[in-house]
Q: 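Please see the structure below; I have some questions.
Below, chains carry the letters A, B, ... as their sequence lines are ordered, and counting in each starts from 1. Since this is a predicted model, take the numbers as computed values, not measurements.
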Amino acid sequence: MDVRVRFAPSPTGLMHMGNARTAFFNWLFARKNNGKFILRIEDTDVERSTDVFTEAITQDLSWLHLNWDEGYDKGGEYGPYRQKDRGALYQKHLNVLKEKGVVYPCYCTPEDLDEMRKNQIAKGQMPRYDSRCRYLKDSQRDQYERENKSFVWRFAVPKSTIVVQDMIRGDVTFDSDRVSDFVLTKSSGSVTFHFAVAVDDACMKISHVIRGEDHLTNTAKHVLLFDALSYERPKFAHMPMILGPDGSKLSKRNGLSSLADYRKQGFLPEAILNYMSFLGWAPQKYEDKEIFSLGELSKYFDVGDIGKSPSMFDFVKLKWVNSKYLSRLDIDHLTTMALPLLRESEFIKDDVSEENFVQVKNIVALVQDQINSLSELPSLCEMYFKDTLTHEDPEVKVVLEERTNKEILLTFKEILKDLEEFSDKNLKETFKMVQKKIGVKGKALYLPIRLALSSKMDGAELYKMIQVLGKKRCIDRINKAILL
RNA sequence: GUCCCCAUCGUCUAGCCUGGCCCAGGACAUCGGGUUUUCAUCCCGAAAACAGGGGUUCGAAUCCCCUUGGGGAUGCCA
């Protein structure tokens, strides 16, 4: 069987981590099995769908390197790939269902339904459509028709036990009594999600439907439709949900939510993918390895290894994974990515000469190992671009005001002043000399100088810091600190 | 409410299917120590979990049931 999977976002909002993982696992499955990955836009909700989001979502996918084989922008044998362009196909299928007599028009108004629901809840029942229009007398139906009353087509759910075979959860059974006669076409004429999904998955020859667990109960409806339309059911796999840090469904409220946010924060797509892959999944032969390349992931990935329980999104761990990727990044590449952020902070001008690029690169190299995301870069680099240290931090001030430390700074400055070349060797020598003269070593020796130069307890390696700052700035800063 | 799904360290997870190798392994975070005359890295170590209760069994994290807890679904949203 040809493996064909799809990612089917609805363009009613930006892509978030949950969507992204669904897309990723589908992509992984396709690549692993030499199948096709299809991008289908589920824009049956004309009210809320916009092309802007379609555009944004496809951009996010591309950014994640999740290339698709068929899609609205690429074409393919089974198009069109936007549901709003598939109206005729849905109509055709509706006619088949009409002929089979498994659908019926429902004339209930939203108000009717609302009232019905309220009554049911009040009685402690599960809210569901009571199928009243299914058994409408012909005379009544004729009258509604004459009145041109608006209606929807509902599917007449047959009494049965519905069994959904899920690759992750095994057989899940539903009693048809729990599934109300659902709407296939809205009064506006457009189709509902359930109808479109079933028709499209069948017609696009989707072999495996891999999606979030929130669709598990919907699957009962979809399966009914496949059967009624005499289509073979695809295989289903419902992945566990990703929860926010507070244990509730991931949303705008619990922190960063859209993928675009993470991109802006300076998370690398490779890191995000690597982190996400371990949400609800672990390789069959788990060997205490945490960092996997895309290639490795698509080799090891297996739907059978996806777990059943939901997982919380751990931002701290994402940062750790990201830092791993960041520190391995080629320095030219990293510097190029840093440029926009540094411009935004007004550390550099819009156009960067080759010479300037090298300078910036030297600075970026100093903080490469310390950042968890690109967004942390500007604040760590600021001291190399601006000469505005004030030593306001009481912790810093106390150290710099200390008598011995002033002597250290003074001695250090005197030697530095006459130093020709700031090589590691020379600097080491310089520190040795200060150590000998003042009789202080280790942290006690390095910290005052570090603070005078950066006003921070931590930072880059001191020799490197001095080298990048250069003689004049080092001396100016030390002078300033001595006067404190 | 009703239905469906789920339940191992704070978090992500390995182990569960095919009971004994598990007084439960790894990673992030936390804490302690070491290397680096500073910083970061790195290394070592500590603390930290089988939700509870019943079964089945010689033996259960692993199988069954109940309870509890969490999530999802109950739309002319997807």
Side-chain angles (χ1 to χ4, degrees), chain A residues 8-13 42-45 47-49 106 108-110 113-114 117 120-129 150-154 164 166 168-170 172-175 177-180 182-188 190-194 196-197 212-220 238 240-241 243 245 247-249 275 278-283 285-291 307-321 327 366-370 428 431-432 435 440-450 454 456-465:
Chain A
S10 69
T12 54
E42 308 224 318
D43 49 5
T44 52
D45 184 352
E47 306 271 297
R48 298 194 297 143
S49 297
C106 165
C108 296
T109 63
L113 298 173
D114 208 42
R117 233 180 327 259
Q120 286 165 334
I121 290 168
K123 281 189 219 154
Q125 296 167 334
M126 183 180 182
R128 62 189 287 280
Y129 182 60
S150 78
F151 66 95
V152 300
W153 284 100
R154 281 186 188 269
V164 172
D166 190 279
I168 295 171
R169 280 148 226 283
V172 181
T173 61
F174 300 90
D175 192 321
D177 287 346
R178 306 288 153 204
V179 183
S180 54
F182 52 99
V183 175
L184 299 183
T185 64
K186 308 175 191 178
S187 54
S188 65
S190 64
V191 295
T192 62
F193 156 76
H194 299 299
V197 163
E213 199 200 325
D214 46 343
H215 286 298
L216 186 56
T217 40
N218 290 334
T219 308
H238 287 94
M241 303 265 86
L243 274 24
S248 72
K249 203 175 173 179
Y275 171 72
F278 277 81
L279 247 29
W281 177 82
K285 284 199 185 112
Y286 182 70
E287 284 163 341
D288 305 345
K289 200 169 124 115
E290 301 281 329
I291 304 297
K308 299 176 183 176
S309 45
S311 39
M312 283 195 198
F313 189 83
D314 186 354
F315 188 60
V316 176
K317 187 144 185 185
L318 202 218
K319 286 207 287 193
W320 176 77
V321 174
S327 62
L366 293 190
V367 299
Q368 177 167 20
D369 286 340
Q370 291 170 56
K428 191 171 183 178
F431 275 91
K432 275 240 167 79
Q435 177 183 330
V440 167
K441 63 173 181 175
K443 196 166 185 163
L445 170 65
Y446 278 68
L447 189 64
I449 296 170
R450 171 179 292 283
S454 72
K456 273 191 208 146
M457 305 294 284
D458 47 29
E461 207 222 298
L462 202 42
Y463 298 170
K464 295 221 173 76
M465 190 189 284

Q: Determine the Euclidean distance between corresponding C1' atoms of B:rU11 and B:rA47; express it in Å to zero decimal places.
A: 16 Å
Q: Considering only the P atoms, how many Å lie between B:rA73 and B:rC64, rounded to the nearest integer?
A: 27 Å
Q: Along nucleotides 34-41 of chain B, 5' to 3', which nucleotides get a B, which get an S, and which get a -, given that the test is a protein heavy-atom distance under 4.0 Å?
A: ---BBBS-
Q: Contact class for A:Leu279 (heavy atom, under 4.0 Å): base, sugar-phosphate, or nothing?
A: sugar-phosphate
Q: Could you give the distance separating B:rA14 and B:rU57 at their P atoms, to the nearest angstrom?
A: 31 Å
Q: If B:rA7 has a Watson-Crick or G-U wobble mate with both distances under 3.5 Å, name it; if not, just say none.
A: B:rU68
Q: Apply ring pair (Phe, Tyr, Trp, His ring centres under 6.0 Å) to A:Tyr275 and A:Phe313, showing your working.
A: CA-CA 10 Å; A:Tyr275 171 72; A:Phe313 189 83; 5.4 Å; yes
Q: In the strands shown, is B:rG1 matched to any nucleotide by a Watson-Crick or G-U wobble pair with both distances under 3.5 Å, and which?
A: B:rU74
Q: Could you work out, with side-chain contact (heavy atoms from CB on, under 4.5 Å) as the rule, every residue matching A:Pro11, not counting sequence neighbours?
A: A:Ile41, A:Asp43, A:Ser49, A:Phe53, A:Thr54
Q: B:rU36 and B:rC42: how far apart are their C1' atoms, nearest whole angstrom?
A: 9 Å
Q: Within this structure, what is the NZ-to-C1' distance between A:Lys319 and B:rC12, rounded to whole angstrom?
A: 16 Å
Q: My understanding is that only residues two or more places apart in sequence, or in another chain, count here; which of them pass salt bridge (Lys or Arg N to Asp or Glu O under 4.0 Å) with A:Lys464?
A: A:Glu461
Q: Send over the distance from A:Met312 CE to B:rC6 C1', rounded to a whole Å.
A: 13 Å
Q: When rounded to the nearest Å, what value does the distance between C1' atoms of B:rC22 and B:rC5 take?
A: 28 Å
Q: With P as the reference atom in both, quote the distance from B:rG34 to B:rC39 in angstrom, rounded to an integer.
A: 13 Å
Q: So, using salt bridge (Lys or Arg N to Asp or Glu O under 4.0 Å) as the criterion, who are the partners of A:Arg169 when residues are at least two apart?
A: A:Glu213
Q: Is B:rG19 paired to anything, Watson-Crick or G-U wobble with both distances less than 3.5 Å, and if yes, which nucleotide?
A: none
Q: List in chain and number order the residues that pass side-chain contact (heavy atoms from CB on, under 4.5 Å) with A:Val440, two or more places apart in sequence or in another chain; answer none if no residue qualifies.
A: A:Thr404, A:Ile408, A:Ile438, A:Ala444, A:Leu445
Q: Rounded off to whole Å, could you give me the CD-to-P distance for the A:Glu290 and B:rG26 pair?
A: 12 Å
Q: Restricting to salt bridge (Lys or Arg N to Asp or Glu O under 4.0 Å), what partner residues turn up for A:Asp177, sequence neighbours left out?
A: A:Lys159
Q: When every nucleotide of nucleotides 63-78 of chain B is labelled 5' to 3' by its protein contacts under 4.0 Å (heavy atoms), B for base, S for sugar-phosphate only, - for none, what sequence of letters results?
A: --------BBSBSBBB
Q: Taking the side chain as every heavy atom from C-beta outward, state whether A:Met241 and A:Leu243 have any pair of such atoms under 4.5 Å apart.
A: yes
Q: Taking salt bridge (Lys or Arg N to Asp or Glu O under 4.0 Å) as the test, write out the residues that go with A:Asp314, two or more places apart.
A: none
Q: In chain order, what residues pass the side-chain contact (heavy atoms from CB on, under 4.5 Å) check against A:Tyr446, with sequence neighbours excluded?
A: A:Phe431, A:Leu462, A:Tyr463
